[in-house]
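So the structure is just underneath, and the comments pick up after that.
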Amino acid sequence: MSAPDAFYITTPIYYVNDVPHIGHAYTTLACDAIARFMRLDGRRVHFLTGTDEHGQKVEKAAREAGMDPKAFTDRVSERFRELVRVMDYSPDDFIRTTEDRHVRAVQALWTRMAENGWIYLGKYAGWYSVRDEAYYAESELVDGRAPTGAPVEWVEEPSYFFRLSAFRDRLLRLYAERPDFVGPATRFNEVVSFVRQGLQDLSISRTTFRWGVPVPGDPDHVIYVWVDALTNYISALGYPDVDGELFRTFWPADVHVIGKDILRFHAVYWPAFLLAADLEPPRRVFAHGWWTNEGQKISKSLGNVIDPHALVRRYGLDQTRYYLLREVPFGQDGDFRHESMVRRINHELANDYGNLVQRVLTMIRRYCDGRVPAPGELAADDEALLARAHGCLDAMRRHMREQALHRALDEVFEVIGEANRYVDAQAPWTLRRRDPKRAATVLWTLAETIRHLAILTRPFMPASSARILDLLAVPAAERDFRALGPGGRTLRPGTALPEPTPVFPRHREEPA
RNA sequence: GGCGGAGUAGCUCAGCGGUAGAGCAGCGGAAUCAUAAUCCGUGGGUCGGGGGUUCGAAUCCCUCCUCCGCUACCA
């Protein structure tokens with residue numbers, strides 16, 4: 001059982017045969033926001049991402065590139081590390097399936113499952129297409145050919161099998177006991193109904209290629225993809241050293257965030273493997289949706305693949321992070337639209353949030369000599385606004401617990417709206433002449449509210465939030481969630497503030 | 001075919017037994033501290049169709065229509 005203050009979150013490991021695209025960027029971004037949130041909330045976080053580097057396709061791609069597979073994966077894995085830097089992700093570890101620590105863990109897991117009697121040697125048979133390098137199910141064939149039109153042949157090869165069929169009832173019990181094991185709920189239903197209909201044993205070794213982890217005691221076999229890939233979640237914790245610090249602290253994982261295409265592997269196979277090896281299943285698996293591009297399905301052949309680097313260049317990093325997390329309820333499919341991206345950047349970030357900061361800080365500069373004003377007695381309106389700011393964290397916590405990132409952001413923007421209304425209602429530009437002390441109190445209340453907002457948006461927009469906190473001269477040590485609320489810190493009256501400059505510029509169309 | 005989900009304002013969606021809502025877009029107004037940014041006002045939509053339960057249904061039940069997801073070893 002993991003430590004109570006620990007929080008372990010993972011992305012899938014990404015297959016290196018692919019170039020990083022918006023799908024990869026999105027999954028890791030969501031994890032990053034959650035990981036940052038939990039860290040600021042005082043949790044001991046372990047945030048893992050990495051690359052999946054074994055398999056026939058990689059072996060072949062390396063051969064075609066005239067490279068040794070290891071040298072090849074060293075190179076392509078770097079593209080995913082680069083994405084980490086460009087998107088400002090904050091992983092605590094980056095695992096590669098070609099690392100010794102991983103290979104050791106996979107073989108140990110295999111050995112344990114074998115010792116427990118869950119693995120047996122059998123024969124894998126199916127329709128194989130040499131051209132596609134893939135097996136097809138009988139039901140997939142079209143007129144005796146692969147769906148791709150490629151000819152297929154009946155192939156049998158010796159293979160080790162995992163007794164997945166034996167785990168049906170244990171899995172169903174797991175689901176029954178933990179209705180939040182899979183999110184969103186609709187995915188949970190899919191998983192349950194899949195398992196309910198019965199499970200077949202799983203072929204978990206291959207003899208048709210070499211680039212993988214050898215089966216312990218039978219080096220003719222390579223351990224097949226999913227056993228290899230899924231194990232990354234524990235090999236990164238030092239498995240098989242289950243008494244080690246990392247493993248004891250962080251396993252079971254709090255949440256595996258994945259794309260909906262690999263749900264079954266995570267919600268069915270993975271817990272079965274773990275149970276087979278006497279390990280605890282993860283606490284939760286959350287499957288998010290896919291992006292379309294301007295209403296169109298994204299595909300290489302359509303040429304409408306979205307490159308995260310291009311988004312960052314065009315719209316800005318925090319703008320991109322914000323849009324991706326706010327536009328779509330996390331878990332659902334979403335449509336990427338330039339028009340709505342611009343609308344959110346200009347209306348929500350520039351006008352609502354950025355301009356709130358700018359108008360308040362400008363008034364403080366002009367009316368209060370550029371120093372944090374000293375509040376007098378707080379009026380009911382002031383208390384009301386502060387109460388909203390103070391209460392925001394708890395609301396966000398509730399949403400973050402269930403990976404409702406969009407809702408967490410909604411909460412922040414509710415407070416931003418409230419603050420803008422308060423500015424208009426109080427009209428400090430009028431008060432400053434009639435009642436300067438009252439004006440100071442109003443501006444202090446606003447500055448405090450903005451301090452809360454900036455700390456609360458740190459997980460989502462780290463750099464911009466830091467800039468706002470800089471403008472408020474908030475010390476680095478007072479930027480986590482302990483600094484929030486009635487029991488937290490406050491701005492110190494008299495502190496000199498730097499000259500404010502806009503944090504979220506409006507998006508202007510680049511010249512044609 | 002089976003299981004699951006969805007059909008509510010121009011668009012995206014919330015509401016899930018008690019006189020139809022939010023955001024965006026549109027229209028009108030106020031303000032002028034601010035990145036011409038803000039604020040206020042403004043919504044006659046058969047809540048997919050039909051039937052039923054109920055004092056009362058978008059909300060429960062039945063049925064039909066349409067759309068989507070899952071229905072095994074494609075990284």
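All heavy atoms count here, side chains included; hydrogens, waters and symmetry mates do not. To find a chain, count down the sequence lines: A is the first, B the second, and so on, and within it residues start at 1.
- B:C65 and B:G49 are spaced 7 Å apart, taking the C1' atom of each and rounding to whole Å.
- Remark: A:Arg79 CZ is packed, more than 12 non-hydrogen atoms of other residues, nucleotides or ligands lying under 6.0 Å away.
- In a base pair of the Watson-Crick type (N1 to N3 plus N6-O4 or O6-N4) or a G-U wobble (N1-O2 and O6-N3), with each distance short of 3.5 Å, B:U54 is matched with no nucleotide.
- Searching all strands for a Watson-Crick or G-U wobble partner of B:A25 with both distances below 3.5 Å returns nothing.
- Within the nucleic acid shown, A:Arg421 comes within 4.0 Å of sugar-phosphate atoms alone, with no base atom in reach, counting heavy atoms only.
- Comparing B:U35, B:C33, B:A72 by their nearest atom to the side chain of A:Phe504 picks out B:U35.
- Between A:Tyr14 and A:Phe80, the ring planes are parallel. Angles under 30° get that label, and only those over 60° would be called perpendicular.
- In this structure B:U46 sits in no base pair that meets the Watson-Crick or G-U test at under 3.5 Å.
- The side chain of A:Tyr224 lies closest to B:C73, out of B:C73, B:U38, B:A72.
- B:U42 and B:C60 have their P atoms separated by 31 Å, with the value rounded to a whole Å.
- Interface residues of residues 332-348 of chain A facing RNA chain B, ordered by number: A:Arg343, A:His347; criterion, heavy-atom separation under 4.0 Å.
- Using N1 to N3 plus N6-O4 or O6-N4 for Watson-Crick, or N1-O2 and O6-N3 for G-U wobble, each under 3.5 Å, B:C16 pairs with nothing.
- Under the 6.0 Å distance and 45° angle rule, A:Arg81 counts as a cation-pi partner of A:Phe94.
- When distances are taken from the side chain of A:Asn351 to each of B:U38, B:C73, B:C33, the shortest belongs to B:U38.
- Taking the six-membered ring where the residue is Trp, A:Trp110 and A:Tyr160 present perpendicular rings, their angle passing 60° and hence far from 30°.
- Spacing between B:G10 and B:A6 at atom P, rounded to whole Å, works out to 22 Å.
- Across all strands shown, B:A6 forms a Watson-Crick or G-U wobble pair with B:U66, both key distances being under 3.5 Å.
- The separation of B:C55 from B:U12, taken at their C1' atoms, amounts to 37 Å, rounded to a whole angstrom.
- Spacing between B:C27 and B:C16 at atom P, rounded to whole Å, works out to 34 Å.
- As judged by a 4.0 angstrom heavy-atom cut-off over every strand, A:Tyr367 is placed among residues touching the sugar-phosphate backbone only.
- The nucleotide whose nearest atom lies closest to any side-chain atom of A:Thr362 is, among B:C33, B:U38, B:A72, B:C33.
- Residue A:Tyr124 is classed as a base contact, given a heavy-atom separation below 4.0 Å to a base.
- Each of A:Val360 and A:Phe161 was assigned the nucleotide of RNA chain B with the nearest heavy atom; the assignment lying further toward the 5' end belongs to A:Val360.
- Ring geometry for A:Phe273 against A:Trp270 counts as perpendicular: the plane angle is over 60°, on a 0 to 90° scale with 30° as the lower cut.
- Base engagement by A:Asp52 is indicated by at least one non-hydrogen atom pair under 4.0 Å involving a base atom.
- Cation-pi contact between A:Arg321 and A:Phe460: absent, since separation from the ring centre below 6.0 Å together with deviation from the ring axis within 45° is not met.
- Taking every side-chain heavy atom of A:Asp352 into account, B:U38 is the closest of B:A72, B:U35, B:U38.
- Nearest nucleotide to the side chain of A:Lys57, out of B:U32, B:A72, B:C74: B:C74.
- In summary, of the residues considered (A:Tyr233, A:Phe181, A:Phe265, A:Phe286), a ring pair (Phe, Tyr, Trp, His ring centres under 6.0 Å) with A:His256 occurs for A:Tyr233 alone.
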List, with names and distances, any nitrogen or oxygen atoms from the protein found under 3.5 Å away from nitrogen or oxygen atoms belonging to nucleotides 1-5 of chain B.
residue, atom, partner, partner atom, Å
B:G4, O2', A:Asn189, ND2, 3.4

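- Residue-level contact check: A:Val503 touches the bases, meaning some heavy atom is under 4.0 Å from a base atom.
- Looking at heavy-atom distances under 4.0 Å, A:Asn17 makes no contact with the nucleic acid at all.
- Residue contacts shown for A:Gly354 include a base, since a base heavy atom lies under 4.0 Å away.
- Geometrically, A:Arg196 does not engage A:Tyr175 in a cation-pi contact defined by less than 6.0 Å to the ring centre and at most 45° from the axis.
- Following rounding to the nearest Å, A:Glu157 (CD) and B:C73 (P) show an atom-to-atom distance of 15 Å.
- When only modelled atom types and interatomic distance are considered, A:Asp220 and A:Thr207 share no side-chain donor-acceptor pair under 3.5 Å.
- Under the 30°/60° scheme for interplanar angles, the aromatic rings of A:His507 and A:Tyr315 are found to be tilted.
- In the set B:U38, B:U35, B:G69, the nucleotide with an atom closest to the side chain of A:Arg187 is B:G69.
- Using a 3.5 Å distance cut-off with no hydrogens or angles, the side chains of A:Asp228 and A:His102 do pair a donor with an acceptor.
- A:Ile13 comes within 4.0 angstrom of no nucleic acid atom, judged by non-hydrogen atoms across all strands.
- Only the P atoms considered, B:G4 is 22 Å distant from B:U8, to the nearest whole Å.
- Partner assigned to B:U38 is B:A30, using Watson-Crick or G-U wobble distances below 3.5 angstrom.
- Side-chain nitrogen and oxygen atoms of A:Arg366 include none within less than 4.0 Å of the OP1 or OP2 phosphate oxygen of B:C33.
- For B:A34, the base has a donor-acceptor partner in the side chain of A:Asn355 [N/O atoms by modelled type, under 3.5 angstrom].
- Using the six-membered ring where Trp is involved, A:Trp290 and A:His288 have ring planes that are perpendicular, over 60° apart on the 30 and 60° scheme.
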